[in-house]
Amino acid sequence: MAKTIATRAENYSQWYTDIIKRAKLAEHSAVRGSMVIRPYGFAVWENMRDQLDRMFKETGHVNAYFPLFIPKSFLSKEADHVEGFAKECAVVTHYRLKNNPDGSGLMVDPEAKLEEELIVRPTSETIIWNTYRDWIKSYRDLPLLINQWANVVRWEMRTRLFLRTAEFLWQEGHTAHATREEAIAEAERMHEVYAQFAEKYMAMPVIRGTKSESERFAGALETYTIEALMQDGKALQAGTSHFLGQNFAKAFEVKFSNEENQEEYVWATSWGVSTRLMGALIMTHSDDDGLIIPPRLAPIQVVIVPIPKPTDELTRAAREIMDQLRSRNISVEYDNDDKSRVGFKFAEHELRGIPVRIGLGMRDLNQNQVEVARRDTKEKFFVPLDTLAETIENLLEEIQDNLYQKALDFRVQHTTYVDTMEEFESVIETRGGFVYAHWDGSKETEEEIKNRTKATIRCIPLDAPEEKGVDLISGKPSNRRVVFAKAY
RNA sequence: CGGGGUGUGGCGCAGUCCGGUUAGCGCACCGCGUUUGGGACGCGGGGGCCGCAGGUUCGAAUCCUGCCACCCCGACCA
């Protein structure tokens, strides 16, 4: 089959969709805006999930599960929170169907109307804080460090595979603390966990920062974010961690007695990442030949292709190699399909983003070597059998590092510092990427820039140095630059 | 919610304007043979209520009416 992936230059969003479909990561379902995550895509997500879960547990968190349905009244208890989510909620109003009188299928039974409508959770702060009220009585009950792996629903106007679907999988951490300082420290800690995960496992460099007020999570006092840059020059918010202050504690009357036996409201955080990370992964590394998965998240790290077809002798040699690799915790697959030809297989495995391919044929085997090909650079070289496992192990690390470095280089090349609105507009229009500019902190400037260029403040970077400057619009003084970009 | 588009074997499409024998093509699939170190080829084969519901007509994938779904572009958002 000929290539059926659009190139990035030709049509970036088509390229993105093609990769997801052709690599069998996911597809559109019969339900508007909802996708089917296919086994291979889910395997990548599972790797992400498992690693994140380890990191959460290492930082003292435990998992629990809260209901999918939230009573409508809960949602309205925190004013900013309703405001943020009300427009995109799926609502359950009835609990029964019956046959149509005319026999043409089913209808909602009007008799079965719910007393109080239920919202399909868009996020779980409300139901969780309603529960925490009963769990938290004393300072001894704190901190409460709980995470939930769940699906949530947000009725989005427009959806895109992985990046924005009506239903998506995610994790949401919800913690409760005795003091403001402790809660802030928690939000910052989890922010850093996300950043580490993105950089070390996804090989995706991120900017750590806080959100401007208008971009903040509904109900949060501070939102910490990690922002990544995609290959089309657009930014993607990859994970957020929120300091919620006492907003939810007050809304749900969650109080505890401190050591002096005084009642206080509890301090809260919440933090989450979603299957959107899959989209980030795809758009950070992949190329016109298909998907590229960093070794640490690849469900299959190495594929062995017998050349030209599997034979007993080649299969035996492959088994030996597999044993060696597996003993080093490397996941390996043997392509024993005897119908397809090697060229086809090579292209297929590249499309699937498998980091390393071993070509196993008699010509090389007779010289005690195999051909090793790396997906990231497409380089091929011969490796003697007796050092193969070690070489592959090192190569996987090298690929992981190279992917990160490549993404970082890309980001550096697509990061611009500007001091005038003219420069700003021209950079956003032509090169895209992250644009560092001075901002006076006002909503007006933010709004004006958004209207004129579609670019928004992605974050106020944590590591921004103090620097005198002036706001691009108002000309008022500013003490540091913030990061702008067009975003997904 | 506004604009555009598309619904025809698993996938991608042609046919629709101008109604007329068994609805075609490529890929995929099944069988046989030849091939085999970068997406093979030949021969044979299976698979379709033409998105749904009405209507017009001797006759509808094609014309008319209504509905539904999905995709793309905008405003909203993780």
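Quick caveat, the model's predicted, so the values are computed rather than measured. Note: hydrogens, waters and symmetry copies are ignored here, and every other heavy atom, side chains too, is used. In what follows, chains are A, B, ... by sequence order, proteins preceding strands, each numbered from 1.
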- prompt: Nearest to the side chain of Arg22(A) - G38(B), U35(B), G39(B)?
  reply: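 Nearest nucleotide to the side chain: G39(B).
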
- line: Side-chain contact check for Lys309(A): nearest option of G39(B), U36(B), G38(B) is U36(B)

Please report the distance separating the [atom1] of [N] from the corresponding atom of [M], rounded so that it comes out in whole Å.
N: G24(B); M: G2(B); atom1: P; result: 41 Å
N: G15(B); M: A75(B); atom1: C1'; result: 38 Å
N: C27(B); M: U65(B); atom1: P; result: 39 Å
N: C29(B); M: C1(B); atom1: C1'; result: 43 Å
N: C17(B); M: G12(B); atom1: P; result: 24 Å
N: G37(B); M: G44(B); atom1: C1'; result: 31 Å
N: C64(B); M: C72(B); atom1: P; result: 28 Å
N: U8(B); M: U62(B); atom1: P; result: 14 Å

- prompt: Is the Lys NZ or Arg CZ of Arg352(A) less than 6.0 Å from the centre of Tyr40(A)'s six-membered ring, within 45° of the axis?
  reply: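 Geometry flag: set, cation within 6.0 Å and 45°.
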
- prompt: On the ring face of Trp170(A), is Arg154(A) found with NZ or CZ under 6.0 Å from the centre and within 45° of the axis?
  reply: yes

query: Once Watson-Crick and G-U wobble pairs under 3.5 Å are found, how is RNA chain B written in dot-bracket notation, 5' to 3', with | for any base paired to another strand?
result: ((((((((.[[[[.)....(...]]]].((((((.....)))))).....[[[[[..)....]]]]])))))))....

Whole-Å gap separating [atom2] ([N]) and [atom1] ([X]):
X: Leu163(A); N: C77(B); atom1: CG; atom2: P; value: 17 Å
X: Asp335(A); N: G37(B); atom1: CG; atom2: C1'; value: 15 Å
X: Lys21(A); N: C11(B); atom1: NZ; atom2: C1'; value: 10 Å
X: Arg458(A); N: C77(B); atom1: CZ; atom2: C1'; value: 11 Å
X: Arg363(A); N: G38(B); atom1: CZ; atom2: C1'; value: 12 Å
X: Lys24(A); N: C11(B); atom1: NZ; atom2: P; value: 13 Å
X: Asp364(A); N: G38(B); atom1: CG; atom2: P; value: 12 Å
X: Phe344(A); N: C27(B); atom1: CZ; atom2: P; value: 13 Å

With side chains defined as the heavy atoms from C-beta onward, is the minimum distance between [X] and [Y] less than 4.5 Å?
X: Cys459(A); Y: Ile207(A); value: yes
X: Thr315(A); Y: Pro306(A); value: no
X: Val372(A); Y: Val356(A); value: yes
X: Asp50(A); Y: Met48(A); value: no

field: Side-chain ion pair, Arg374(A) and Glu398(A), N-O less than 4.0 Å
entry: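 Yes, charged N to carboxylate O under 4.0 Å.
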
message: Here's a test of your reading of the structure: between Leu365(A) and Lys339(A), which maps to the more 5' nucleotide of RNA chain B?
response: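 By nearest-heavy-atom nucleotide position, the 5'-most residue is Lys339(A).
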
Within the modelled atom types, does a donor on one side and an acceptor on the other bring the side chain of [X] and the base of [N] under 3.5 Å apart?
X: Lys380(A); N: G38(B); answer: yes
X: Arg357(A); N: G38(B); answer: yes
X: Glu350(A); N: G39(B); answer: no

- line: Per salt bridge (Lys or Arg N to Asp or Glu O under 4.0 Å), Arg357(A) is matched among Glu348(A), Glu333(A), Glu350(A) by Glu350(A)

- prompt: Base, sugar-phosphate alone, or nothing: which one does Thr225(A) contact when heavy atoms must sit under 4.0 Å apart?
  reply: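 Thr225(A): no heavy atom of the nucleic acid under 4.0 Å.
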
message: Over all strands shown, is Phe168(A) touching base, sugar-phosphate only, or nothing at heavy-atom distances under 4.0 angstrom?
response: base

Under 3.5 Å between N/O atoms: give me all the protein pairs with nucleotides 72-76 of chain B, atom names plus distance.
from   : atom 1 : to        : atom 2 : distance (Å)
C73(B) : OP2    : Arg158(A) : NH2    : 2.3
G74(B) : OP2    : Arg158(A) : NH1    : 3.2

- prompt: Trp129(A) and His81(A): aromatic ring centres closer than 6.0 Å?
  reply: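 Here the rings of His81(A) and Trp129(A) have centres that are no less than 6.0 Å from each other.
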
message: Which residue is it: Thr225(A), Thr223(A), Thr269(A)? I am looking for the one with a side chain to side chain donor-acceptor pair (under 3.5 Å) to His242(A).
response: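 Single side chain to side chain donor-acceptor pair (under 3.5 Å) partner of His242(A) among Thr225(A), Thr223(A), Thr269(A): Thr223(A).
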
message: Does C77(B) have its OP1 or OP2 closer than 4.0 Å to a side-chain nitrogen or oxygen of Arg154(A)?
response: no

- prompt: Side chains of Gln231(A) and Arg8(A): do they bring a donor and an acceptor to under 3.5 Å?
  reply: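 Yes - a donor-acceptor pair under 3.5 Å links their side chains.
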
